[in-house]
Number of protein chains: 2
Amino acid sequence: MKMDAITIKDIAKALGLSASTVSRALRDSHEIGADTKKKIREYAQTYNYRPNQAALSLRKGKSKSIGIVISNIANNYFSQVIDGVESVANKKGYNLIITQSKDSAEREKMILHDLSARSIDGLIVSLAAETTDYSVFEELNNMGVAIVFIDRIADTIETHKVVADNFAGGYEAVQHLAGNGFKKIALIANNKNLSISRERIQGCVKAFQELGLEQHKDWIRFCAAGGADQDEIENVVTTLLSMKNRPDAILTLSDTLSLKTLRILKSKKIAIPRQMGLMGFSNFNNADLLNPALSVIYQPTFEMGALAAKLLVSEIESKRPIAKFEKHILKTRIFTRKSSAAAKA
Amino acid sequence: MKMDAITIKDIAKALGLSASTVSRALRDSHEIGADTKKKIREYAQTYNYRPNQAALSLRKGKSKSIGIVISNIANNYFSQVIDGVESVANKKGYNLIITQSKDSAEREKMILHDLSARSIDGLIVSLAAETTDYSVFEELNNMGVAIVFIDRIADTIETHKVVADNFAGGYEAVQHLAGNGFKKIALIANNKNLSISRERIQGCVKAFQELGLEQHKDWIRFCAAGGADQDEIENVVTTLLSMKNRPDAILTLSDTLSLKTLRILKSKKIAIPRQMGLMGFSNFNNADLLNPALSVIYQPTFEMGALAAKLLVSEIESKRPIAKFEKHILKTRIFTRKSSAAAKA
DNA sequence: TTGTAGGCGTTATCAG
DNA sequence: CTGATAACGCCTACAA
């Protein structure tokens, strides 16, 4: 890269000083003569001196960079999260190294190992759908790598965690649907392994019970690939539609699933909400422009990312080990629209 | 971070060898005894040795990481590009450091300086909307930092460039609109500074001329903030709607503008396409689910990102300086839908 | 107030 | 085939 990159030594030589003096002056140490300091800083300024980060990392064992592991960048939800993470990282002087697991446990593990060797100061992780073995995280934890989980968390690992109130989100969604006359509500969830799937379903089931709604095991379906596999979700929707005891509404429990389900229903000419109500967890900002306008549970993704980054940085920069880790649960918002509207009386 | 991270020295000590021998064995040098090598590698394996990247960077002056500078991660278009970049970077063993300029020239410059000090091997850049002064890039170029521009490029800087065929995209969009009976086509473009704005407009104007369509200076409007400023775009649309000689279609020349314009038109109860045709550059994958289904010019974002990364890596790893830089122009695709449909005969 | 001497982990060079 | 040494750029005792 920089062929000529000026170093502290260069400055020292040019000014007839020692490297340590220059180093101190540059970091504004008070034990340096005002005039010397000024001279040095001016020289550094004009020659555009930048400390070599690799050397700093090596020396300090810190790199001022944090890694983020998510399933997929080109996903609305995660890119909003990253935006939040970046806003804080940037402010605090940390670089952001981004990786995607593509929901593969194996790939996630490789990434994690690679990242941990990169003199990374900390990690923000949203688990891959496939992952069931959390031992890598134990390992990293023991190595002293700071980790913050976001959204898709490993409950058993001792770290800070930032999640949306998935339980309440599911609960409220069912309440809304029921309130609009839907009584036979099917759920389509992401991979069973994921905390978000479990929590959202639990919220829904709680509402089912409280409202005395019909429940049917077959009305809760999982997409192991989270919608990445077109056949999988198409089968699920088709199956639901062809049931003798057919649901009258579908509640999709993840972003990708929501839009994919909408597409499939439309392609099958199912009138929404008349023949099938639809509502979903989604952070698509223009869900109101869809046809029909889609009712959604929306998560504060930016805030979640920013909070995760804040927690991580404070852990990294904390002098003593964190005594007790926090789980932050942020409120979701519900937007009710045409796709789940009540049938006209 | 890793408190115990095992080093080459540790292995050397444990095995009663010298650090250099261990280093060589680990890198599979042929000048090491088969048995010694085996012993070392097994030890490294069991103790989970990972080379310290900071040390490597310092030693080699390379960090196996590339920086990417875009305006906004939480933008559909760019997150798709990043997905492509990541796919290649990952395969080639490079880490991806992501930053966002938020379209601020000042912030872009800071990022660039910061990144260049991070022992970064190369840079993928999509310019901020504000940027008019390209001298930072000259500077970086002279420092020997490999740069590849993507999408929003600086024509005068000598680097590889990857863009969509913006000219053709604009040209074809107008042809389509005209073919469907729209004769008075207004353009809403992103910031004037951006290459993409210029190129797309030029393509449109070419078609205007060839088709003998009415042209009006006031029918070409710019949003300096690219749609980030709600008032700005709202003013533009309102102005277009209230003209005595009012356009019969709007062609939006960027992703954000397209959806924002759709929203504004709908909020004003303008029937699309009857009262106003609408078409836009957009990489939203579900534009067909919108109401009305939106006609779009779609770019091969993933491929563009992947290609940019490929070019960058090959430049980084090339022994001799690049003799001549390439500008790759990738085809766009046009999807025509209801929003630009012909009025019923 | 300034300078000297390691050392962070790795590898390249030069000996043996 | 293996070992010792220096160096990448920076910082931090310890000296002066």
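Letters A, B, ... mirror the listed sequences (proteins, then strands); counts begin at 1. The figures here come from the full heavy-atom set of this structure, side chains too, leaving out hydrogens, waters and symmetry mates.
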Quiz item: Given that B:Ala55 and B:Ser18 both sit by DNA chain D, which one's nearest nucleotide is further toward the 5' end?
Solution: B:Ser18

Protein and nucleotides 11-15 of chain C: nitrogen or oxygen contacts under 3.5 angstrom:
{"residue": "C:dT11", "atom": "OP2", "partner": "B:Ser23", "partner atom": "OG", "Å": "2.7"}
{"residue": "C:dT11", "atom": "O4'", "partner": "B:Arg59", "partner atom": "NH1", "Å": "3.3"}
{"residue": "C:dT11", "atom": "N1", "partner": "B:Arg59", "partner atom": "NH1", "Å": "3.4"}
{"residue": "C:dT11", "atom": "O2", "partner": "B:Arg59", "partner atom": "NH1", "Å": "2.1"}
{"residue": "C:dA12", "atom": "O4'", "partner": "B:Arg59", "partner atom": "NH2", "Å": "3.4"}
{"residue": "C:dT13", "atom": "O4", "partner": "B:Arg24", "partner atom": "NH1", "Å": "3.4"}

Self-check item: B:Tyr47: partners by ring-ring contact (aromatic ring centres under 6.0 Å, His included), with sequence neighbours left out
Solution: B:Tyr43

Self-check item: Euclidean distance, A:Asn52 CG relative to A:Thr7 OG1, rounded to 0.5 Å
Solution: 9.0 Å

Practice problem: Could you check how far CG of A:Asn52 sits from C1' of C:dG9, rounded to whole Å? | Solution: 14 Å

Practice problem: Select base, sugar-phosphate, or nothing to describe what B:Ser57 touches, counting heavy atoms under 4.0 Å on all strands. | Solution: nothing

Practice problem: Report the distance from atom NZ of A:Lys13 to atom P of C:dT4, rounded to the nearest whole Å. | Solution: 13 Å

Quiz prompt | Residue list, side chain to side chain donor-acceptor pair (under 3.5 Å) with B:Ser20, at least two apart or on another chain | solution = B:Ser18

Practice problem: Let me know the distance between CD1 of A:Ile40 and P of D:dC10, rounded to the nearest Å. | Solution: 13 Å

Quiz item: Atom CD1 of B:Ile6 to atom P of C:dC8: distance rounded to whole Å?
Solution: 15 Å

Self-check item: Rounded distance (Å) that lies between atom P of D:dG9 and atom CZ of B:Arg118
Solution: 18 Å

Quiz item: Is a salt bridge present between A:Glu108 and A:Arg152, judged by a nitrogen-to-oxygen distance below 4.0 Å?
Solution: no

Quiz item: For B:Leu15 and D:dT2, what is the distance between atoms CG and C1' respectively, to the nearest whole Å?
Solution: 14 Å

Quiz item: What residues form a salt bridge (Lys or Arg N to Asp or Glu O under 4.0 Å) with A:Arg59, not counting sequence neighbours?
Solution: none

Quiz item: Within the structure, does a side-chain N or O atom of A:Thr36 lie under 4.0 Å from either OP1 or OP2 of C:dT2?
Solution: yes

Practice problem: Could you check how far NZ of A:Lys9 sits from C1' of C:dT4, rounded to whole Å? | Solution: 13 Å

Quiz prompt | Contact summary for A:Glu315 and A:His160, nearest pair of heavy atoms | solution = OE1-CD2, 3.6 Å

Quiz item: Rounded to whole angstroms, how far apart are CG on B:Asp35 and P on D:dC1?
Solution: 10 Å

Quiz item: Is there a donor-acceptor pair under 3.5 Å between the side chain of A:Ser101 and the backbone N or O of A:Asn72?
Solution: no

Quiz item: Taking only residues two or more places apart in sequence or in another chain, which ones pass side chain to side chain contact (heavy atoms under 4.5 Å, CB included) with A:Asn141?
Solution: A:Ile157, A:Glu158, A:Thr159

Quiz item: Within the structure, does a side-chain N or O atom of A:Thr21 lie under 4.0 Å from either OP1 or OP2 of C:dT1?
Solution: no

Quiz item: Is the backbone of B:Ile73 close enough, under 3.5 Å, to the side chain of B:Gln100 for a donor and an acceptor to pair up by distance?
Solution: yes

Exercise. Just report the end-to-end axis angle for the helix from C:dT1-D:dA16 to C:dG16-D:dC1, five pairs per end, to 10 degrees.
Key: 50°

